[in-house]
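Throughout, residue positions are numbered sequentially from 1 according to the sequence presented. Atoms within a ligand are numbered from 1 in the order they appear, just like the ligands themselves.
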Amino acid sequence: KFTVELYTFEALQESAQYLLDRVKMRPKIGIICGSGMEQNELCPGSLADSLENKQCFPYEEIPHFPVSTVIGHQGQMVFGYLQGVPIMCMQGRFHYYEGYPLWKCAMPVRVMKLIGVTHLIATNAAGGLNPTYKVGDIMMVKDHVNMMGFAGNNPLQGPNDDRFGPRFPPMNKAYNASLLEIGQQVADEMGISDIVHKGVYTCLGGPNFETVAELKMLRMIGVDAVGMSTVHEVITARHCDLTVFAFSLITNQCITEYENHEEANHEEVMDVGKSRQSLLQEYVLRMVMRLRDM
Ligand code: R1P
């Protein structure tokens, strides 16, 4: 018998209620911080750090939450204000390669929904496959290729609970067009439109980085940046009708020639994240201000 063990709606309500009982604010915006974009001993002074009147909840204290095991992922839910706007922010996300099924990796998105979040900003560190992208550039995600979905692995697998969303959700408008436009306007305002792109992201299971042949194939099918997260979070978010904006920080250039002897590594990912902290903070802050006014 084919079964998928899922958290029930009620279990996720318990996670949400735990947080609602302990914070006064009611955020409408949820942010997921990608590798190198969180505050921790490796990356001091990042986005979550800049929140005012912070309240932090380590994942192990929140009912039903998995724990973050990746270096550079602190592992807590942070509530606070960005220039007066209430935010909830995942400082550390869950990845498939940590051993969690996709639905569990994405469960915090449903908790955000139950808390009252309407807009999700998902960020990640990714390898640039588009040859015009440089390390340190930002790619707004305009679409994704769900490679793991091709292989029959999806966060929505298993019994559907209509209280979250429909059995067969559309995914052709996953990344909100108005927010992509705003993302471009913000880039223009900041004078960084030369380093901000719109592209297609894909998530592979990881934890190993990709082979040359895999990267060549991904490029051929139209992928601009590759990572190991975000897609399952966005699918879960769209299923429960959150409006999504996502961007990748290009932390390394994918190696697509056998003659190139460089090797991708996580330290580089963290270093580039660190070097772009203030730019990314400014970018997210301006996006948040625009969302507040919508
Ligand atoms: C690899 O360096 C790690 O960075 C990216 C990859 O997915 C992988 O986890 O992290 P985020 O997607 O969490 O930003």
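Near Tyr97, the atoms of ligand 1 lying under 4.0 angstrom from a non-hydrogen atom of the residue are 8 (C), 9 (O). Per-residue contacts place Met228 under 4.0 angstrom from the following atoms of ligand 1 (heavy atoms of the residue considered): 6 (C), 7 (O), 8 (C). Those atoms of ligand 1 with a heavy atom of Asn124 less than 4.0 angstrom away are 12 (O), 14 (O). Those atoms of ligand 1 with a heavy atom of Gly34 less than 4.0 angstrom away are 14 (O). Proximity to Arg93 (heavy-atom distance under 4.0 Å) selects the following atoms of ligand 1: 11 (P), 12 (O), 13 (O), 14 (O).
Using modelled atom types, one finds no donor on one side chain facing an acceptor on the other under 3.5 Å when comparing His197 with Asn130. No hydrogens or angles considered: a donor-acceptor pair under 3.5 Å links the side chains of Arg290 and Gln185.
At a heavy-atom distance under 4.0 Å, only side-chain atoms of Val269, from C-beta outward, approach ligand 1.
Taking the six-membered ring for Trp and thresholds of 30 and 60 degrees, Phe245 and Phe247 have ring planes inclined between 30 and 60 degrees apart. By the 30° and 60° cut-offs, the orientation of the rings of His144 relative to Tyr175 is perpendicular. Aromatic ring pairs are classed by plane angle as parallel below 30°, tilted from 30° to 60° and perpendicular above 60°; the pair Phe94 and Tyr59 is tilted.
Considering backbone and side-chain N/O of Thr230, none are found under 3.5 Å from N/O of ligand 1. Checking only distances, Thr123 never comes within under 3.5 Å of ligand 1, N or O to N or O.
Ionic pairing of Lys198 and Asp224 is not present here: no N-O contact between side-chain nitrogen and carboxylate oxygen is shorter than 4.0 angstrom.
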